[in-house]
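A short write-up of the structure that comes next.
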Amino acid sequence: MRIKINGRFQDIKDISDLQELIRIKGLSGKAIVIEHNHNIIPKDKWNEVMLEEGDTVEIVSFVGGG
Amino acid sequence: MRIKINGRFQDIKDISDLQELIRIKGLSGKAIVIEHNHNIIPKDKWNEVMLEEGDTVEIVSFVGGG
Amino acid sequence: MRIKINGRFQDIKDISDLQELIRIKGLSGKAIVIEHNHNIIPKDKWNEVMLEEGDTVEIVSFVGGG
Amino acid sequence: MRIKINGRFQDIKDISDLQELIRIKGLSGKAIVIEHNHNIIPKDKWNEVMLEEGDTVEIVSFVGGG
Amino acid sequence: MSDILRIADRSFDSRLFVGTGKFPDKRVIGDVIKACGCQMVTVALRRVDEKSDDENILDYIPSDCIIMINTSGARNADEAIRIARLARAMGCGRWIKIEVIPDNKYLLPDNVETLKATETLVSEGFILLAYMNPDLIIARALAKAGAAAVMPLGAPIGSGRGFKTKEIVKIMVNELDVPVIVDAGLGSPADAAACMELGCDAVLVNTAIAISKDPVMEAKAFDFAVNAGRTHYILSGSALPAPRAACASSPLTGFLRDGNKV
Amino acid sequence: MSDILRIADRSFDSRLFVGTGKFPDKRVIGDVIKACGCQMVTVALRRVDEKSDDENILDYIPSDCIIMINTSGARNADEAIRIARLARAMGCGRWIKIEVIPDNKYLLPDNVETLKATETLVSEGFILLAYMNPDLIIARALAKAGAAAVMPLGAPIGSGRGFKTKEIVKIMVNELDVPVIVDAGLGSPADAAACMELGCDAVLVNTAIAISKDPVMEAKAFDFAVNAGRTHYILSGSALPAPRAACASSPLTGFLRDGNKV
Amino acid sequence: MSDILRIADRSFDSRLFVGTGKFPDKRVIGDVIKACGCQMVTVALRRVDEKSDDENILDYIPSDCIIMINTSGARNADEAIRIARLARAMGCGRWIKIEVIPDNKYLLPDNVETLKATETLVSEGFILLAYMNPDLIIARALAKAGAAAVMPLGAPIGSGRGFKTKEIVKIMVNELDVPVIVDAGLGSPADAAACMELGCDAVLVNTAIAISKDPVMEAKAFDFAVNAGRTHYILSGSALPAPRAACASSPLTGFLRDGNKV
Amino acid sequence: MSDILRIADRSFDSRLFVGTGKFPDKRVIGDVIKACGCQMVTVALRRVDEKSDDENILDYIPSDCIIMINTSGARNADEAIRIARLARAMGCGRWIKIEVIPDNKYLLPDNVETLKATETLVSEGFILLAYMNPDLIIARALAKAGAAAVMPLGAPIGSGRGFKTKEIVKIMVNELDVPVIVDAGLGSPADAAACMELGCDAVLVNTAIAISKDPVMEAKAFDFAVNAGRTHYILSGSALPAPRAACASSPLTGFLRDGNKV
């Protein structure tokens, strides 16, 4: 399955929902937010959002800024 | 007949068109432009535009400016 | 006897030395310095310096300054 | 004969006066001034000033300056 | 002397806001903030970098600080709005520094898009501080649209050139009802003091502190300077002459305006 | 040295534009223009004053000058557009200086309404020069909308405070493809020379000339200064360092943008 | 950060020196000094006024402060020397601020007479700080004559015009081995910070504090600003480019000098 | 408008003095002088270089120009006096620009030695213009000693930093009876115009012209700027406020002076 994560297309196997995606990516899940097809997904819904071919996912967090 | 000339209501008698208005006002007609009810009226049409109760007339000219 | 005190000539009677002058002038003697005929006179010598006609005395103290 | 010309000691042979010195140095003599042992020597006296061992000669001219 | 800055529903004792970008070592940020008494810090939002460690900038910020998310990276109103909404989803509250920058060289803001984003986000309940090119008329529009403060630049971001926009900023200070906070370009404490003496309500400093040999000492220096300038303004500011008003070169009468007198 | 300023389809030898307001005696205007070689003058448009004599400002302007009508009095785009159309109906050609000023105290322009008026009037065939608050992004938008030149203010109109907006104007000069003409606030020839040395394409001066004890001499002085500054710019300007670019305090990677790389 | 200013045999933690003139109420002076941590104050010497009460300015100065007597009123070296000797006779120690001012309008100092007085008084064991017109060569001569510090003016005394002599003072800071203390003309804390950021060793402020609505608060503000500027200088000053050296327009060779190479 | 500068017994139409150092090609000097109408040029005196061709700088200077010899290379009064005497022996008349510079880095002048040299040379019949560090009191002494004009520096020689000494020079202009000519450091025509608008009587420019890509054009530009600034000064200068006078911080009464009232 090919989805676009943070602007880059990636081939993803054996991942069905956002919760898994985060886990596989090795992200702690703290202090990040996910946009799925331009909708912000609350953390407690991550395991309800199924990934599909062509989906766009943005995973963002805070960094230092002025 | 009451018309609004340059922002002030004035009672006008015995004037039927813009050409007469300019003459009565003592303006030379050079270097001025007339707006009648928000339409710019070319000089050669001044004698064709009849004044009516409630009309709005703007008569403008150039002045020094920066 | 006419002496010049702080730039002004003054007539002084019944005063023989600097110590008396200071007392008569009502000055406490603290935080002032006296120059007698351009010589600085230490406080403990005030009673030894006799005033004479034409003497010049400067009595100075500190004031606020930048 | 050793004389100091413009700050540098130089050995000079067969030169007796300032006039000759200028000629030998290949200087035109226009727009220069000579100081001999700290005395300014007018041009018409150059052939009267004899050089001696240890003399100091300054030959100066104008240059661009601000 | 009680001298509290109020923005929206919050009060600030400190008029020095600090940005958290560019610190060579992020762990110093907490000490910087404590040292200068800062109560408002800015952070940015970026795509996670999977390769970097799972560092969270928020961990370095004392909990009593207000965290204001800037919308850096936004080139137009829509992108700024999107960033603001994501920031809120992350639980960072409602404080947003709108920053819309289409220009990559001088990083100068787009006032028009900034205004658009402000209108939308205010209606969604955000508290907006608007980074802007100094401009009285746009600043008024921003205030009318609900911006909690305006943040004119002193010089291009990170340039350290100082407070180069005094002429327009002084007019903004005199004319606006919302706080005016100079943001960007301040290079030294004297610059910050000059902003405060002019009557600005606060300054935001990032680069000058972050790249200092000693960010903690530098932050203290800025704090001292801000206090010094503010105190001087309070004691003498009202005695200063207002900026010289303009004097029209075209006549001020005879305007062609409906409903106006001649 | 050939050094021609081109605006729209016209060429200008003189880089000093002159406003005609505020002259105590209008009859001097012709001499002023001739003395300084000015090829572009501005006039305003007002309701006729029936009581004053039938004086026509245009009579004082040499026929080879371009007359540019300013839209002073306009508080928004619509009023500016109306004035421009009236001006054209008077046979004064197509040169308009857009000037939209909602602020009566500092006479600062409204960049947003100025942009709106520009878009409309360009489509109607006018040649537009836009008086503006210094702002790179709006200036780019004005240029894109077809403005023939941008005219950032040096200081509030008529204030004579000088060239106080160097920081942003220098960046405009470096970045824009349209002429940059400093308009308003210049108080003396040295101010005008400083504008030209920075690389501005021209200056517009009104008050400093009009209220001088001797407007003809003063206009000559401004002309001299403009030439002096321009010459220096040509001879040395390209050697000058460009304004220091900005340096982001928030990271320049990881932007949340569609279609972008990480 | 240990950062001690040494003048002669003394160390100073505070780089803000305070003058005691012009205070509407002298009783505030003690609070002012304590508030800003000042360790060096100036006083003047005058003929006693028999009519006024027997107030002693020294009573208001904390005992751990160094009291430096200025020679104000002196129009030449002899008068300054006389004042210095009287001051010492009063038991006020050896600290003298030489101030020789023949000019009543701008109160500008006479550098030549200042140098003369310095030479004499140093030989008598005084510690001299020399108020001066900014001038590198005279400053070097003063240092060579034994002045413990030089005090170039920032602007005319009491004018509050600010730090207007940066160009020469910066060169003095770079070239001199004695402390450089800006004295006179500073109007606000930002001015003081700017002096310190340039590398000056201290500032002396009187009027701006004395005539403030609240001298205690104002003194604190100056102290904050001095610390802020000093800290910034220490952290970044050494990284700043030195003032651009001169570049002779006349040739640098061929000088007519005895004992020199061509 | 008749506006003649008088120095000693001579009248000058042009207020731009030009130095002849540093021209890459000396042959251009004649064209430079003619182009800008300069009537006063400076040259230096050096030991002849036997190896170089027998070029005479004077050949390039129009015969109606006054040639003023500077004493560059002099480190003290005696050396300056020696150079002046040599110059006169060369038949170059009596005009000397005293320039005593002990400092090799910033080329700052020694005001004290300058004054000494002036006293001697005036008594020998020279016409002296004194290059100096800006200083009112020394300038008064120079005028009293017979200097025909004083020449305060604008910035270090050849630095091109501009007119950085306005504060003191403005006071000199207001207080002195001899001409005040800014010499050194001016980098562009706008700098020269600013000097003239302040009321200076002339400027001396060398480096900025000599190193220009086109010295003839640059000289014209400076001439234009000088005229522009001068005209503005004449038309408005008298209307300008005088520099703010000083305001003593020490009391102005009770001075310890012989023969004075209390």
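Convention: sequence-line order gives letters A, B, ...; per-chain numbering from 1. Only a predicted model underlies this, so the values are computations on that prediction, with no experimental measurement involved.
Side-chain contact check for G/Ser249 versus H/Thr20: every heavy-atom pair is 4.5 Å or farther apart. G/Cys247 places none of its side-chain heavy atoms less than 4.5 Å from the side chain of H/Ile157.
Heavy atoms of H/Leu115 lying under 4.5 Å from chain G are absent altogether. Heavy-atom distances place no part of G/Ile211 under 4.5 Å from chain H, backbone and side chain included. Heavy atoms closer than 4.5 Å to chain H are found in the side chain of G/Ile138, but not in its backbone.
Expressed to the nearest 0.5 Å, how far OH of H/Tyr106 lies from NZ of G/Lys170 amounts to 8.0 Å. Here H/Lys105 contributes atom NZ and G/Ile171 contributes atom CD1; the two are 9.0 Å apart, rounded to the nearest 0.5 Å. Taking OG1 of G/Thr165 as the reference point, atom NZ of H/Lys166 lies at 14.0 Å (rounded to 0.5 Å). The structure places CZ of G/Phe163 at 11.5 Å from CD of H/Glu167, a figure rounded to the nearest 0.5 Å.
Nearest heavy-atom pair across G/Pro109 and H/Asp135 is O-OD1, 4.4 Å.
Interface summary for chain H: among G/Lys22, G/Arg46, G/Glu113, the most heavy-atom pairs under 4.5 angstrom belong to G/Arg46. Most heavy-atom pairs under 4.5 Å with chain G: of the set H/Ile83, H/Leu86, H/Ile168, H/Leu107, this distinction falls to H/Leu107. Between chain H and the residues G/Ala155, G/Ala44, G/Gly19, G/Ser72, the largest count of heavy-atom pairs under 4.5 Å involves G/Ser72. Of the listed residues G/Val112, G/Val43, G/Asn104, G/Asn206, the one with more heavy-atom pairs under 4.5 angstrom with chain H than any other is G/Asn206. No other option in H/Pro102, H/Gly21, H/Ser250 has as many heavy-atom pairs under 4.5 Å with chain G as H/Ser250.
Heavy atoms of other residues, nucleotides or ligands lying less than 6.0 angstrom from CG of H/Asp177 number 12 at most.
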What do the steps show when you test H/Asp103 against G/Ile137 for side chain to side chain contact (heavy atoms under 4.5 Å, CB included), and what is the final call? CA-CA 8 Å; H/Asp103 163 60; G/Ile137 308 302; 3.8 Å; yes
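In summary, of the residues considered (G/Asn133, G/Leu136, G/Asn111), a side chain to side chain contact (heavy atoms under 4.5 Å, CB included) with H/Asn133 occurs for G/Asn133 alone.
Checked against ring-ring contact (aromatic ring centres under 6.0 Å, His included), G/Phe222 has no partners two or more places apart in sequence or in another chain.
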